[in-house]
Protein chains: 2
Amino acid sequence: MQHNNLLKQLAFIKEIDKLKYIQRKTRLFNSDRHENDAEHSWHLAMMTIVLATHSNKQIDVLKVLKMVLIHDIVEIDAGDTFIYDTVKNHTNTAEELTAAKRIFGLLPKEQADEFLAIWEEFEEGITDDAKFAKSMDRFEPLLQNTSNNGGTWAEFNVPYQKVYDKKKAIKEGSTTIWNYE
Amino acid sequence: MQHNNLLKQLAFIKEIDKLKYIQRKTRLFNSDRHENDAEHSWHLAMMTIVLATHSNKQIDVLKVLKMVLIHDIVEIDAGDTFIYDTVKNHTNTAEELTAAKRIFGLLPKEQADEFLAIWEEFEEGITDDAKFAKSMDRFEPLLQNTSNNGGTWAEFNVPYQKVYDKKKAIKEGSTTIWNYE
């Protein structure tokens, strides 16, 4: 059984290598080079460790790390949807749910269920852990864009109000970080 | 004080973006594209979450995650040393220690001390947490190389015995994974 589980886990570990090919709209700090989803997820994990004490509410750091590490894995099948896309809504599309079931489904059942639940908790954004994870996800591109002369906001001519509406999620996670901005 | 800490933390978060430019010798699965240190660190974090139950000893998953997420940050200053390098020894060079002190030193003192201690624990490889973290670090390139016709072993003509000596670290972390190989 343990051997069988290991084979499933290795299939998953190989499959998620594809996250390194998913390009985001945002670019690295002071750079023209686009970021990929694996790099982005690593950076959010580092931000979580470093900034956890600024959370409005007590959080489970291990749980939040799992959230930010896996949150974009569905994009291996569903692709990266630009957060300011005016046509396609980013939030938990049917396509993303199908992707989550296929990719997490490569794992042994117990782990597959855990990962799916953690991903859904993140997408819903209701719990304190999810709010903090989402605040990290909104904060990283803000730091990048301000280092890149407006970055994607300028490039795609995103109205200030839309940026503000999306960035409010940071306040939900950490008032300290929101006030810094 | 909290505001001052946040400024230091943000300086660190921007600085470590450079990890995305550090190229490793190894290549992505079934691919010619080299992996960078940020992607590599993300993958080790995912492997840690997925494979933790195979550890020989009980481990603190949060601690191991911190280890694998930060273990290569010193390479921002010190560069990536190929594990089979015949001239330069990889292990905890003076150059890496200087790098650790400079980069972790951007953080507030308490966090800087914590990160330095975690990095040193990883490098020493003595505790159960460090052994498991190191086994992940050895296992990922093994999976990559076997998917790439011998990968870096073939490319740099590394003798079997040297590969075996380095890979033994996997056994220290997990006999289950070692036996699978």
Side-chain angles (χ1 to χ4, degrees), chain A residues 2-3 5-10 12-21 28-31 33 35-51 53-54 60-63 65-66 68-70 73 107-108 110-111 114-115 118 136 139-140 143-144 147 174 176-177 179-180, chain B residues 2-3 5-10 12-21 28-31 33 35-51 53-54 60-63 65-66 68-70 73 107-108 110-111 114-115 118 136 139-140 143-144 147 174 176-177 179-180:
Chain A
Q2 200 174 27
H3 181 72
N5 280 349
L6 185 55
L7 290 182
K8 289 179 180 175
Q9 289 161 332
L10 294 181
F12 174 79
I13 286 163
K14 286 178 193 172
E15 179 67 16
I16 63 173
D17 196 63
K18 295 176 183 166
L19 199 64
K20 299 167 189 170
Y21 296 96
L28 304 189
F29 288 85
N30 307 301
S31 171
R33 211 264 268 164
E35 185 179 42
N36 70 54
D37 271 349
E39 297 168 329
H40 164 66
S41 302
W42 168 78
H43 219 143
L44 297 196
M46 287 302 305
M47 291 171 66
T48 298
I49 295 170
V50 169
L51 300 174
T53 57
H54 300 295
D60 174 348
V61 177
L62 178 56
K63 168 78 95 65
L65 282 177
K66 289 180 179 178
V68 299
L69 288 167
I70 71 169
I73 285 178
L107 289 164
E110 197 178 327
Q111 262 180 346
E114 183 202 354
F115 279 40
I118 288 176
M136 296 297 100
F139 192 37
E140 194 221 18
L143 290 172
Q144 289 167 328
S147 83
S174 168
T176 310
I177 294 174
N179 287 340
Y180 155 78
Chain B
Q2 199 174 27
H3 181 72
N5 280 349
L6 186 55
L7 290 182
K8 289 179 180 174
Q9 288 161 332
L10 295 181
F12 174 79
I13 286 163
K14 286 178 193 171
E15 179 67 16
I16 63 173
D17 196 63
K18 294 175 183 166
L19 200 64
K20 299 167 190 170
Y21 296 96
L28 304 188
F29 287 85
N30 307 301
S31 170
R33 212 264 268 164
E35 185 179 42
N36 69 54
D37 271 349
E39 297 168 329
H40 164 65
S41 302
W42 168 78
H43 219 143
L44 297 196
M46 287 302 305
M47 290 171 66
T48 298
I49 296 171
V50 169
L51 300 174
T53 57
H54 299 295
D60 174 347
V61 176
L62 178 57
K63 167 76 96 61
L65 282 177
K66 288 180 179 179
V68 298
L69 288 167
I70 72 169
I73 285 178
L107 289 164
E110 198 178 327
Q111 262 179 346
E114 183 201 353
F115 279 39
I118 287 175
M136 297 296 99
F139 192 37
E140 194 222 19
L143 290 172
Q144 290 166 328
S147 83
S174 168
T176 310
I177 293 173
N179 286 341
Y180 156 76

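- Taking A/I70, A/L19, A/N30 one by one and counting their heavy-atom pairs under 4.5 Å with chain B, the maximum is reached by A/L19.
- Only the side chain of B/L143 comes within less than 4.5 Å of a heavy atom of chain A; its backbone N, CA, C and O stay farther away.
- Between the side chain of B/R33 and the main chain of A/Y21, no donor-acceptor pair closer than 3.5 Å is present.
- Interface remark: A/E35 contributes side-chain atoms only to the contact with chain B (heavy atom separation under 4.5 Å).
- For the set B/L10, B/L7, B/D37, B/T53, the entry with the most heavy-atom pairs within less than 4.5 Å of chain A is B/L10.
- Of the possible donor and acceptor atoms, one in the side chain of A/Q111 sits under 3.5 Å from a partner among the backbone N and O of B/V50.
- Ranked by heavy-atom pairs shorter than 4.5 Å toward chain A, the options B/L107, B/L62, B/L69 are led by B/L69.
- Interface remark: of the candidates B/L51, B/L28, B/I49, B/L28 forms the most heavy-atom pairs closer than 4.5 Å to chain A.
- Atom CZ of B/F29 and atom CD1 of A/I16 lie 8.5 Å apart (nearest 0.5 Å).
- Heavy-atom distances place the side chain of B/N36, and not its backbone, under 4.5 Å from chain A.
- Among the candidates A/I73, A/V61, A/D17, the residue making the largest number of heavy-atom pairs closer than 4.5 Å to chain B is A/D17.
- Per-residue counts of heavy-atom pairs under 4.5 Å with chain B were compared for A/H40, A/M46, A/K18; the largest is that of A/M46.
- Note that the OG atom of A/S41 and the NE2 atom of B/H43 stand 11.5 Å from one another [nearest 0.5 Å].
- Heavy atoms of A/L65 lying under 4.5 Å from chain B belong exclusively to its side chain.
- Residue B/I13 touches chain A through both its backbone and its side chain, counting heavy-atom pairs closer than 4.5 Å.
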